[in-house]
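Okay, structure first, notes after.
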Amino acid sequence: MELSSMLEHFAEELRLARAASGMSQTALAEALTYSGALVAKVETCERRPGLDFARRCDAVFGADGRFERIQRRISREAVVPWFRDWPGIEAEATALRSFEPLCVPGLLQTEGYARALLSGGGLFAPDEVEQQVATRLDRQPVLTRDRPPLLTFVVDEHVLRRRVGGPEVMREQVRHLVKIGSALPRVRIQVVPLSAGAYPGINGPFVIATPPHGEDVVYQEGQLHAQVIDRADYVRQMVEVWESIRGEALSHQQSLDLMTEVAETWT
């Protein structure tokens, strides 16, 4: 069965089970502790259901694992589960809050930095690297479009000092951060200084997106997979983590000053 057919199968089973239970989408969302927007999009095949979502459907409807079995078949068809949903969410968002402790966020990367980052370790063939660089750069117009989202990026100071592609690439990249942070009023870039020591963000990168309709969602990317999570309790926890991280960060202007200094160290 093709992926689209399996998504339709899941959506149909969900609609039938909800109708048989006499539940509205809103009532089901409350029972699942997911957003009503997600339930609606799953029922119209606009969003892929996650494993947790499927398990909660089984529990609410007493479906004896039926939803989980369909979801697992859907997931096996996806090389990178959920990621194909993320570019659309990112492009439509009214606000993005991004934290990155390891490398420059994709929306802020120069072409040289992106190529060096993707070439490192020899995991990708040259043509695959170029394809991924192009895909990454194609996402960046969100920064300068009409009515751009409110974009807040927090990076660890190590990001500015980790050699990726050599001094010239790093100098160009850090100067690019300063330029974007200075020129675009809807973009804020803040740096957590090395002096912060241990803080919650060390556990890994994430993005919180605010869609034009519905509740915030969290995007997390791992070594071999990526996922979008919109469970209300999880999103609430990640917002708390975000606030803790921003509490450790320098102000926007202090961060621009630091980045200007660091750029000149890459000689």
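Not measured: the values here are computed from a predicted model. For the single chain, residues carry numbers from 1 onward in sequence order.
- Between Thr210 atom OG1 and Leu96 atom CG the span is 7.5 Å, to the nearest 0.5 Å.
- Here the closest non-hydrogen pair linking Arg72 and Leu51 is NH2-CD2, 3.7 Å.
- One finds the CG atom of Leu28 at 7.0 Å from the CZ atom of Arg18 (value rounded to the nearest 0.5 Å).
- Atom OG1 of Thr135 and atom CD of Gln132 lie 7.0 Å apart (nearest 0.5 Å).
- Taking both residues in full, the closest heavy atoms of Ala116 and Gly165 are given as CB-CA, 3.6 Å, listed atom of the first, atom of the second, then distance.
- Under a cut-off of 6.0 angstrom, the local environment of CD in Glu130 is crowded, with over 12 non-hydrogen atoms contributed by other residues, nucleotides or ligands.
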* **Full working for side chain to side chain contact (heavy atoms under 4.5 Å, CB included) between Gln173 and Val164** => CA-CA 10 Å; Gln173 175 63 77; Val164 174; over 6 Å; no
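- Panel note: side chain Arg47, backbone Lys41; no donor-acceptor pair is recorded below 3.5 Å.
- A side-chain donor-acceptor contact under 3.5 Å links Glu157 to the backbone of Leu194.
- Within a 6.0 Å radius of CG in Asp127, more than 12 heavy atoms belonging to other residues, nucleotides or ligands are found.
- Nearest approach of Ala31 to Met23, heavy atoms of both residues: CB-CE, 4.0 Å.
- Just one residue in the list Arg246, His252, Gln254 forms a side-chain hydrogen bond (donor to acceptor under 3.5 Å, both in side chains) with Gln190, and that residue is Arg246.
- Using a 4.0 Å cut-off between charged side-chain N and carboxylate O, Glu240 and Arg236 make no salt bridge.
- Contact annotation: the side chain of Pro141 never approaches that of Arg145 to less than 4.5 Å [non-hydrogen atoms, C-beta and beyond].
- In this structure, the side chain of Arg162 engages the main chain of Leu102 through a donor-acceptor pair within 3.5 Å.
- Transitive grouping of hydrophobic side chains (ILVMFWY, heavy atoms separated by less than 4.5 Å) keeps Phe99 and Val187 in distinct clusters.
- The backbone N or O of Glu43 sits less than 3.5 Å from a side-chain atom of Arg15, completing a donor-acceptor pair.
- Each of Val133, Leu137, Leu177, Val104 was checked for a side-chain contact (heavy atoms from CB on, under 4.5 Å) with Gln109, and the lone residue meeting it is Val104.
- Listed for the Ser255 side chain is a donor-acceptor partner under 3.5 Å among the backbone atoms of Val191.
- In this structure, the separation between CE on Met259 and CZ on Arg175 is 13.5 Å, given to the nearest 0.5 Å.
- Defined by atom type and a distance below 3.5 Å, a donor-acceptor pair is present between the side-chain atoms of Asp257 and Gln253.
- Val228 and Ile208 fall into different hydrophobic clusters, defined by Ile, Leu, Val, Met, Phe, Trp and Tyr side-chain heavy atoms under 4.5 Å apart, directly or through other members.
- Between the side chain of Thr265 and the backbone N or O of Val262 there is at least one donor-acceptor pair closer than 3.5 Å.
- Taking 4.5 Å as the limit, some side-chain heavy atom of Phe206 sits within range of a side-chain heavy atom of Ile245.
- Rounding to the nearest 0.5 Å gives a distance of 10.5 Å between CZ of Phe61 and CD of Glu13.
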* **Full working for side chain to side chain contact (heavy atoms under 4.5 Å, CB included) between Thr152 and Trp242** => CA-CA 11 Å; Thr152 307; Trp242 166 260; 3.7 Å; yes
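- Across all non-hydrogen atoms, the minimal contact from Pro105 to Val155 is CD-CG1, 3.7 Å.
- For the pair Gln237/Asp233, no side-chain contact is recorded, criterion being any heavy-atom separation below 4.5 Å from C-beta on.
- Between Arg136 and Glu111, none of the side-chain N atoms (NZ, or NE/NH1/NH2) sits under 4.0 Å from a carboxylate O, so this pair counts as no salt bridge.
- Judged by distance alone, with hydrogens and angles left aside, the side-chain atoms of Glu128 form a donor-acceptor pair with the main-chain N or O of Ala125 at under 3.5 Å.
- Grouping the Ile, Leu, Val, Met, Phe, Trp and Tyr side chains by contacts below 4.5 angstrom, directly or via other members, places Val207 apart from Val218.
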* Yes or no on side chain to side chain contact (heavy atoms under 4.5 Å, CB included) for Glu100 and Leu108, after CA distance, side-chain angles and deciding distance? -> CA-CA 11 Å; Glu100 181 54 78; Leu108 302 179; over 6 Å; no
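- Between Phe53 and Phe10, the ring planes are tilted. Angles from 30° to 60° get that label.
- By the 4.5 Å heavy-atom criterion applied to side chains, Tyr234 and Asp52 are not counted as neighbours.
- No chain of hydrophobic side-chain contacts below 4.5 Å, direct or via other Ile, Leu, Val, Met, Phe, Trp or Tyr residues, connects Ile229 to Ile89.
- Separation of atoms CG (Leu7) and CD (Glu46) is listed at 11.5 Å; rounding is to 0.5 Å.
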* **Pair Asp216-Met238, side chain to side chain contact (heavy atoms under 4.5 Å, CB included): steps then yes or no** => CA-CA 10 Å; Asp216 289 352; Met238 293 310 295; over 6 Å; no
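- Atom CD of Gln131 has 12 or fewer heavy atoms from other residues, nucleotides or ligands within 6.0 Å.
- Without hydrogens or angle criteria, Trp266 side chain to Leu160 main chain gives a donor-acceptor distance under 3.5 Å.
- No continuous path of hydrophobic side-chain contacts links Leu258 to Val154 [ILVMFWY only; heavy atoms under 4.5 Å].
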